[in-house]
Each structure stands twice: as C-alpha cells, then as structure tokens.
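Each ligand, and each atom within it, is numbered from 1 in the order the structure gives. From a predicted model like this one, the values you see are computed outputs, not experimental measurements. What's counted below: heavy atoms across the whole structure, side chains too, no hydrogens, waters or symmetry copies.
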Amino acid sequence: MNMDHVASQGLMLLGCGKMGSAMMAGWLNGGLPASSIWVQDPAPSEWVQAQGVHINQTCPPNPAVVVVAVKPQMMGQALPALADLGGGDTLFISIAAGTPISHFETVLGASTPIVRSMPNTPAAIGRGITALIGNNATGADHMALAEALLSAVGQTVRLEREAQIDAVTGVSGSGPAYVFHLIETLAAAGQAQGLPADLAMQLAKATVAGAGALAETSDETPAQLRVNVTSPNGTTQAALEVLMDEARGFPPLLKEAVAAATTRSKELSRG
Ligand SMILES: NC(=O)c1ccc[n+]([C@@H]2O[C@H](COP(=O)([O-])OP(=O)(O)OC[C@H]3O[C@@H](n4cnc5c(N)ncnc54)[C@H](OP(=O)(O)O)[C@@H]3O)[C@@H](O)[C@H]2O)c1
C-alpha cells in the first residue's frame with residue numbers, strides 16, 4: 001500500500017480549509033494526480049476549485065484513504081456520512097484536535113484502520129511537524145501510508161500512546177502561537193528600548209527564524225548553542241539571567257503554559 005495505491009483507488013478529503021488545502025498542495029506537488037482526489041467541503045476556496053480535483057462529487061466506493069480535516073465541532077455532522085466506508089480497506093486519517101480514536105471507532109467500527117494525528121500551522125509552508133498514532137486495526141503499511149501523506153507538509157513523528165497527543169498539542173500543536181507571541185513581545189521590548197516599530201519587528205522575526213533554523217540544523221544542542229553565544233558578563237548573559245530565572249523566567253512560564261494547553265486538550269477530548 002503506497003502512493004500508487006492512493007492514485008489508483010482515490011483519496012477523499014473531508015474538509016478543505018487551511019490544513020486540508022496545505023496537505024492537498026503537498027500531495028499535488030508530490031505527484032498525486034488531481035483526478036485521484038475527491039474533496040468534500042461546503043464552500044471550497046477558489047484555489048481548491050482551480051486544482052482540477054473532484055469537488056463534492058460521489059467518491060469511489062472503496063477509496064484508499066479518507067483524510068478528515070474538518071473542525072472538531074463539525075465532526076458529529078460530517079462523519080456519519082462516511083460510516084459506509086468503515087470496516088473495510090479504507091484507511092482513515094484524522095487531523096482534528098480533540099477527537100479521540102474511540103469516537104471514530106464508534107461511528108466507523110473498531111475494525112476500521114484509523115490514524116489520529118496532530119499537525120501544526122507551519123504545514124502551510126511545508127515546515128510543519130505532525131505526530132501520529134494508529135488504532136489496533138492499523139498495520140505497518142497503513143502507518144507508512146499515513147506518514148507518506150502527512151510528510152507532504154513537513155516532518156512526522158510516531159507516538160507510542162494516544163494519551164501523548166495532549167502533550168504534543170501543548171508543545172507543537174499550539175506551540176507556533178507561543179513563538180508568534182515571542183516575536184511580538186521581543187519586538188515590543190525593542191521598541192521600549194527606542195527602536196522604530198518596523199525595525200524592531202524585522203529584527204525579532206529574523207532572529208526567531210534564524211535561531212530556529214540554526215537550532216534545527218546544527219549538530220550542537222540548543223543548550224550548547226546558547227552557551228556558545230553567552231560571554232561571561234556580556235549582554236546575552238544579562239538577559240538570560242532574567243529569562244532563565246527559575247521562579248519567574250521561561251522555565252516556570254513555559255511549563256505552566258504547556259500544562260494549561262495539555263489540560264485543555266484533555267478536556268476537549270472528553271467533550
Ligand atoms: N490550523 C492548525 O494549526 C491545526 C493544527 C492541528 C490540527 N488542526 C485541525 O485541523 C482541522 C482543520 O483545521 P483548519 O484550520 O484547516 O480549519 P478550517 O480552515 O476551518 O477548515 C475546515 C474546513 O472544513 C469545512 N467543513 C465544515 N463542515 C464540513 C462538512 N460537514 N463536510 C465537509 N467539510 C466541512 C469548512 O467549511 P466552512 O468554512 O464552510 O465551514 C472548512 O473549509 C481541525 O480539526 C483542527 O483541529 C488544525
């Protein structure tokens with residue numbers, strides 16, 4: 001079971017908003033024919049309509065994959081229409097936050113291969129990271145296919161247990177927003193030190209993007225990279241004494257923030 005299987009049997013995409021469109025762009029770029037994709041969406045964007053995919057048409061009886069990319073609150077309305085595809089060879093991949101595998105099993109049947117995943121917004125530029133976990137009916141070939149499809153928008157990682165997805169949501173799912181806020185506050189702090197707003201924002205964006213790329217590509221750990229740029233009694237050390245403060249710096253703040261997101265993810269899964 002591979003991308004040729006998807007090309008011949010077809011892929012159904014339920015919900016083609018921001019995430020669905022990002023994935024579809026990756027699949028088309030990767031060579032999946034537009035004629036193999038069936039999109040279900042009440043209001044497909046102009047971009048979706050221009051791709052040559054099937055839109056709101058009856059999908060083939062036995063598609064290789066159904067990718068579920070509707071908002072969690074639309075799930076109850078959208079999923080029952082697909083119940084007939086459960087219990088067969090069709091692999092279901094969900095990217096919906098907060099919808100547990102058990103919910104899909106209730107609607108589709110527990111013998112349905114179901115992969116639950118958690119992507120993040122840099123998927124929009126192919127730089128996302130998606131964590132995956134399959135149910136008991138998911139075999140090695142299903143996982144490999146899910147990885148192949150989700151790697152169209154960035155890196156993938158496999159989880160050991162579904163329960164880990166709440167912490168993943170707290171770190172990488174919601175994490176881009178923490179970094180956006182870091183950029184905002186770094187720029188505002190630069191302004192407070194007398195820089196023009198535009199210049200401070202340009203410095204903050206480039207610093208976060210550049211440091212992120214360096215941390216990802218370097219052989220050294222982020223901790224070592226930090227030490228490398230911290231001269232004794234220098235400017236960086238002065239700032240890090242504030243940021244690394246165990247009582248009020250990044251360590252307690254991020255721990256609390258990630259815990260809050262993880263707790264909220266658990267609450268949402270319980271419905
Ligand atoms: N964005 C992220 O960073 C992120 C990260 C991790 C997980 N996710 C998950 O990804 C999923 C999609 O998020 P998104 O940001 O792409 O949302 P989105 O842009 O709102 O896309 C959802 C799409 O589904 C369509 N839709 C609504 N009801 C439908 C139905 N009954 N049948 C078929 N399509 C339907 C919506 O159409 P209308 O606009 O007309 O309602 C919309 O085009 C969510 O479950 C979210 O939890 C998103």
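Looking only at heavy atoms of the protein, atom 12 (C) of ligand 1 is closest to A69 O, 3.2 Å. Among all non-hydrogen protein atoms, the one lying nearest atom 30 (C) of ligand 1 is A78 CB, 3.8 Å.
The ligand atoms of ligand 1 that sit less than 4.0 angstrom from a heavy atom of K71 are 15 (O), 17 (O), 18 (P), 20 (O), 44 (C), 45 (O). Residue A43 has at least one heavy-atom neighbour below 4.0 Å for each of these atoms of ligand 1: 40 (O). For ligand 1, the atoms sitting less than 4.0 Å from at least one non-hydrogen atom of P72 are 44 (C), 45 (O), 47 (O), numbered in the order shown with element in parentheses. Residue M118 has at least one heavy-atom neighbour below 4.0 Å for each of these atoms of ligand 1: 6 (C). Heavy-atom proximity to M74, at under 4.0 Å, picks out these atoms of ligand 1: 27 (C), 28 (N). Each of the following atoms of ligand 1 lies closer than 4.0 Å to a heavy atom of Q40: 33 (C), 34 (N).
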Please test L182 against V208 for side-chain contact (heavy atoms from CB on, under 4.5 Å), starting from the C-alpha separation and ending with a verdict. CA-CA 8 Å; L182 172 65; V208 171; 4.2 Å; yes
Stepwise side chain to side chain donor-acceptor pair (under 3.5 Å) check, N135 with T138: CA-CA 5 Å; N135 70 344; T138 307; 2.6 Å; yes
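Atom CD of Q57 has more than 12 heavy atoms from other residues, nucleotides or ligands within 6.0 Å.
Among L149, L132, I129, the one residue that satisfies the side chain to side chain contact (heavy atoms under 4.5 Å, CB included) test with T156 is L132. Tested against M118, the residues V157, I165, V171 include a single side chain to side chain contact (heavy atoms under 4.5 Å, CB included) partner, I165.
Within the 4.0 angstrom cut-off, atom 16 (O) of ligand 1 has one or more protein heavy-atom neighbours. Proximity of atom 26 (N) of ligand 1 to the protein is indicated by at least one non-hydrogen atom lying closer than 4.0 angstrom.
The existence of a salt bridge linking E267 and R264 is confirmed by a sub-4.0 Å separation between a basic side-chain nitrogen and an acidic carboxylate oxygen.
I95 and F104 fall into different hydrophobic clusters, where Ile, Leu, Val, Met, Phe, Trp and Tyr are joined by side-chain heavy atoms under 4.5 Å apart, directly or via other members. Hydrophobic clustering of Ile, Leu, Val, Met, Phe, Trp and Tyr side chains at less than 4.5 Å, counting indirect connections, keeps L186 apart from L253.
Residue contacts with ligand 1: G173 is excluded, as none of its non-hydrogen atoms falls under 4.0 Å.
If you look at S21 next to ligand 1, there are no close heavy atoms at all, none under 4.0 Å. Heavy atoms of P119 found under 4.0 angstrom from ligand 1 belong to the backbone as well as the side chain.
For Q224 and N228, the side-chain atoms include at least one donor-acceptor pair closer than 3.5 Å.
Considering backbone and side-chain atoms alike, K18 places an N or O below 3.5 Å from some N or O of ligand 1. Ligand 1 has an N or O atom lying under 3.5 Å from an N or O atom of M19, backbone or side chain.
If you check each of V70, L14, T121, L79 against atom 3 (O) of ligand 1, the one with the closest non-hydrogen atom is T121. Closest heavy-atom approach to atom 35 (C) of ligand 1 within the set A124, G17, P42: this belongs to P42. When the heavy-atom distances from atom 24 (O) of ligand 1 to G128, G98, G15 are ranked, the shortest goes to G15.
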Less than 3.5 Å apart, which donor and acceptor atoms pair up between the side chains of residues 60-76 and the rest of the protein, not counting sequence neighbours?
none

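When every heavy atom of H103 is checked against every heavy atom of T99, the shortest pair comes out as CD2-CG2, 3.7 Å.
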